[in-house]
Amino acid sequence: MIRHARVLPVLVLAPLLVTACGSEKAGDPSPSASASDAGPAAAPGELASRAQAMGVAPELVYVTEAPGFTLAQQSVGVLGDDGFSATWVGGETNALLRLAVDRGAITAGTCPEQPVGDMSGEHTTCERDGGAWYRTGAGRHEYALPEDGYVVRVSAETDAVPRDVLRAAALAAHRPDAAETERLLPSAEPAPATPVERGDLPPFGDGAPDNHVDVGG
């Protein structure tokens, strides 16, 4: 069942270029469908402490899922000043599915002006899909979901991830529960210091270094 953080939709990738803004297909499930069956909510303090330790605003932390894709733990990090980003990798294709959450807004007027991904200067096409925008440009596509003061985006290369897979990943984007927070964000606690073993310490006595000099030395 699809999970969602708010009553709005999220992003996903797929190959299909559409130049018209505001077209919706009747009968298709809306990205604004509500999510359910989420796990126990993460303790606000735990999520906040882990996010803030990374320099990420806690309210901008999201997670998603897609069949066959696994989170690349090393990809989890800060986007911009205090935004959040993470990438999932397709096990069979090595396709990359990127989730990005950053402050800002997206409207019918500004959608074509905002590049897809980091490809500035490229032409962007926009199509309204429920409460989200399906956007294409520079060989990539994404679903962008406007939230209150920020935008959640799920993107990928158009020839690597089909639109239906991208859309499903967008619908699945949500605030992490307790278990997902544990897997997604590193601990805020500093790693315990590991004592350095010295090879010149004898296994007996007071443990002082062995400075014995052989005959002639």
Would you call Glu59-Arg175 a salt bridge at under 4.0 Å N-O? no
Does a side-chain N-to-carboxylate-O contact under 4.0 Å join Arg103 and Glu147? no
Tell me yes or no: between the side chains of Arg140 and Ser155, is some donor less than 3.5 Å from an acceptor?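 Their side chains do contain a donor-acceptor pair, which is all the 3.5 Å distance test asks for.
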About how many Å separate [atom2] of [Y] and [atom1] of [X], when rounded to the nearest 0.5 Å?
{"X": "Thr181", "Y": "Glu46", "atom1": "OG1", "atom2": "CD", "answer": "7.5 Å"}
{"X": "Leu185", "Y": "Phe84", "atom1": "CG", "atom2": "CZ", "answer": "5.5 Å"}
{"X": "Met54", "Y": "Ser49", "atom1": "CE", "atom2": "OG", "answer": "12.0 Å"}

Do [X] and [Y] come close enough that some side-chain heavy atom pair is under 4.5 Å?
{"X": "His174", "Y": "Thr64", "answer": "no"}
{"X": "Val151", "Y": "Ile106", "answer": "yes"}
{"X": "Leu71", "Y": "Val76", "answer": "yes"}
{"X": "Val61", "Y": "Val101", "answer": "no"}
{"X": "Leu60", "Y": "Asp82", "answer": "yes"}
{"X": "Arg50", "Y": "Pro186", "answer": "no"}

Can you give me the closest heavy-atom contact between [X] and [Y], atom names plus distance?
{"X": "Val161", "Y": "Ala95", "answer": "CG2-CB, 3.9 Å"}
{"X": "Pro112", "Y": "Gly109", "answer": "CD-O, 3.8 Å"}
{"X": "Gln114", "Y": "Ala105", "answer": "NE2-O, 3.0 Å"}
{"X": "Pro58", "Y": "Leu47", "answer": "O-CD2, 4.3 Å"}
{"X": "Tyr62", "Y": "Tyr150", "answer": "OH-OH, 3.0 Å"}
{"X": "Gly83", "Y": "Asp102", "answer": "CA-OD1, 3.9 Å"}

In the single-linkage hydrophobic clustering (I, L, V, M, F, W, Y; side-chain heavy atoms under 4.5 Å), do Leu97 and Leu79 co-cluster? no
Backbone of [Y] reached by a side-chain donor or acceptor of [X] within 3.5 Å:
{"X": "Asp177", "Y": "Glu180", "answer": "yes"}
{"X": "Arg98", "Y": "Trp88", "answer": "no"}
{"X": "Gln73", "Y": "Leu184", "answer": "yes"}

Starting from the C-alpha separation in whole Å, work towards a yes-or-no answer on side chain to side chain contact (heavy atoms under 4.5 Å, CB included) for Val116 and Thr136. CA-CA 6 Å; Val116 178; Thr136 61; 5.6 Å; no
For Trp133, is the NZ or CZ atom of Arg128 found under 6.0 angstrom from the centre of its six-membered ring and inside 45 degrees of the ring axis? yes
Could you walk me through whether Thr125 and Tyr134 pass the side chain to side chain contact (heavy atoms under 4.5 Å, CB included) check? CA-CA 8 Å; Thr125 63; Tyr134 174 65; over 6 Å; no
